[in-house]
Amino acid sequence: MIAAPDRTPLPREFFDRPVLEVAPDLLGRTLVRSTPDGPIRLRLTEVEAYDGPNDPGSHAYRGRTARNAVMFGPPGHVYVYFTYGMWHCMNLVCGPDGMASAVLLRAGEITEGAGLTRTRRRAARNDKELAKGPARLATALDIDRALDGTDVCAGPPSPLSILTGTPTPDDQVRNGPRTGVSGEGGGHPWRFWIANDPTVSPYRAHKPRRRST
DNA sequence: ATATCGATGTTCT
DNA sequence: GAACATCGATATG
């Protein structure tokens, strides 16, 4: 028999916990992006935790700005940022209102609507690459700053929600250093992924770039 | 498979 | 100016 997909979004209490608890608990959950052409479903396979006030790697570390304001608000909302001049990345805000911690969604498996992502993800050579990496994930789901602040606990007609799905057993969860984070913040093993999943992005240590001119 | 490099624009020093 | 929670194209093993 075919299991019916969950219809109830994760409650706000799910996100109102320490970010290091929430991050591994998100693995295996399904993110639903509603588009005019139909839903896109993504099973999360890789995430990273950013622990605001204590974390030099976090966008919230130096305090609230117009860009990161959503991180300082209530849990269960989306923080979207624009980076490297051309990409977006997507986070879920965790902890109580004011805590400014969040989980970066780094990779996942598209389980429905792969065809709807193809126009934006022409470079993907196979389905496993559609959302392999944080900017690829956001591109596949058509996420930009217009969705900053979206409440994923509200359910339809919200453009984004996280459905309950099957959580990943602890013995299938791996963790290690965060990708692309330099300095003190790079030492924390706050990247979490599902063992042996082919949609997890390759680890790349932070590399300072040579200046031109 | 890994390594290097250019693209772009916002944020922060 | 410099850095940036990155990616895609290209070169090479």
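Residue numbers begin at 1 in each chain, while the letters A, B, ... track the order of the sequences. All values below were derived from every heavy atom in this structure, side-chain atoms included, with hydrogens, water molecules and symmetry-related copies excluded. These figures come from a predicted structure and were not determined experimentally.
Looking at residues 143-150 of chain A, you'll see that no heavy atom sits under 4.0 Å from any atom of DNA chain C. Within residues 64-79 of chain A, no residue has a heavy atom under 4.0 Å from DNA chain C. Residues from residues 15-29 of chain A lying near DNA chain C, meaning a heavy-atom separation below 4.0 Å, are absent.
Computed from coordinates, the A:Glu46 CD to C:dT6 P distance equals 10 Å when rounded to whole Å. As a whole-Å value, the separation of A:Tyr61 OH from B:dT13 C1' is 16 Å. Rounding to whole angstrom units, CD of residue A:Glu48 and P of C:dA5 are separated by 11 Å.
Using a 4.0 Å cut-off between charged nitrogen and carboxylate oxygen, A:Asp127 and A:Arg118 count as a salt-bridge pair. Checked for salt-bridge contact, A:Arg43 and A:Asp197 meet the test: a charged N lies under 4.0 Å from a carboxylate O. With respect to A:Asp55 and A:Arg178, a salt bridge is recorded, a charged nitrogen being found less than 4.0 Å from a carboxylate O.
Not counting sequence neighbours, the partners of A:Glu46 by the salt bridge (Lys or Arg N to Asp or Glu O under 4.0 Å) test are A:Arg106, A:Arg191. Under the side-chain hydrogen bond (donor to acceptor under 3.5 Å, both in side chains) criterion, A:Arg120 pairs with no residue, sequence neighbours left out. Considering only residues two or more places apart in sequence or on other chains, A:Trp190 meets the ring pair (Phe, Tyr, Trp, His ring centres under 6.0 Å) condition with A:His188. A:Tyr81 meets the ring pair (Phe, Tyr, Trp, His ring centres under 6.0 Å) test with A:His59, A:Tyr79; sequence neighbours excluded.
With B:dG9, C:dA5, C:dT6 as the choices, the nucleotide that has an atom nearest any side-chain atom of A:Tyr50 turns out to be C:dA5.
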Please determine whether side-chain contact (heavy atoms from CB on, under 4.5 Å) holds for the pair A:Leu104 and A:Cys89, giving the CA-CA distance in whole Å, both sets of side-chain angles, and the decisive distance to 0.1 Å. CA-CA 7 Å; A:Leu104 172 68; A:Cys89 295; 3.8 Å; yes

Between side-chain atoms of residues 9-22 of chain A and protein atoms elsewhere (two or more places apart, or another chain), which donor-acceptor pairs fall under 3.5 Å?
{"residue": "A:Arg12", "atom": "NH1", "partner": "A:Pro75", "partner atom": "O", "Å": "3.1"}
{"residue": "A:Arg12", "atom": "NH1", "partner": "A:Asp151", "partner atom": "OD1", "Å": "3.1"}
{"residue": "A:Arg12", "atom": "NH2", "partner": "A:Asp151", "partner atom": "OD1", "Å": "3.4"}
{"residue": "A:Arg12", "atom": "NH2", "partner": "A:Asp151", "partner atom": "OD2", "Å": "2.8"}
{"residue": "A:Arg17", "atom": "NE", "partner": "A:Phe14", "partner atom": "O", "Å": "2.9"}
{"residue": "A:Arg17", "atom": "NH2", "partner": "A:Phe14", "partner atom": "O", "Å": "3.4"}
{"residue": "A:Arg17", "atom": "NH2", "partner": "A:Asp25", "partner atom": "OD2", "Å": "2.9"}

Going by atom type alone, with no hydrogens or angles, which donor-acceptor pairs under 3.5 Å involve a side-chain atom of residues 164-172 of chain A and a protein atom two or more places apart or on another chain?
{"residue": "A:Thr164", "atom": "OG1", "partner": "A:Thr8", "partner atom": "O", "Å": "3.3"}
{"residue": "A:Thr168", "atom": "OG1", "partner": "A:Leu27", "partner atom": "O", "Å": "3.0"}

Polar pairs (N or O, both sides) under 3.5 Å between protein and nucleotides 7-11 of chain C?
{"residue": "C:dC7", "atom": "OP1", "partner": "A:Pro134", "partner atom": "N", "Å": "3.3"}
{"residue": "C:dC7", "atom": "OP1", "partner": "A:Ala135", "partner atom": "N", "Å": "3.2"}
{"residue": "C:dC7", "atom": "OP1", "partner": "A:Arg136", "partner atom": "N", "Å": "3.4"}
{"residue": "C:dG8", "atom": "OP1", "partner": "A:Arg121", "partner atom": "NH1", "Å": "2.6"}
{"residue": "C:dG8", "atom": "OP2", "partner": "A:Arg136", "partner atom": "NE", "Å": "2.6"}
{"residue": "C:dG8", "atom": "OP2", "partner": "A:Arg136", "partner atom": "NH2", "Å": "2.7"}

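Among residues at least two apart or in separate chains, there is no ring-ring contact (aromatic ring centres under 6.0 Å, His included) pair with a member in residues 114-141 of chain A.
Side-chain contact, A:Thr35 with A:Asp37: no donor N or O sits under 3.5 Å from an acceptor N or O.
Between the NE2 atom of A:His88 and the CG atom of A:Asp144 there is a distance of 5.0 Å, given to the nearest 0.5 Å. Once rounded to the nearest 0.5 Å, the distance linking CG of A:Leu31 with CG of A:Leu137 reads 7.5 Å. To the nearest 0.5 angstrom, A:Ser161 atom OG is 11.0 Å from A:Arg33 atom CZ.
Helical stems in DNA chain C, defined as runs of 3 or more consecutive Watson-Crick or G-U wobble pairs with donor-acceptor distances under 3.5 Å: B:1-7 with C:6-12, B:9-12 with C:1-4.
Within 4.0 Å (heavy atoms only), A:Gly57 reaches at least one base atom of the nucleic acid.
At the phosphate of B:dT13, OP1 or OP2 sits under 4.0 Å from a side-chain N or O atom of A:Arg62. Dashed line: the shortest gap from a side-chain N or O of A:His59 to OP1 or OP2 of C:dA5 is under 4.0 Å.
Pairing each heavy atom of A:Leu130 with each of A:Ala124, the nearest pair is CD2-CB, 3.8 Å.
Contact of A:Tyr81 with C:dA5 (side chain to base): a donor-acceptor pair of N or O atoms is detected under 3.5 Å.
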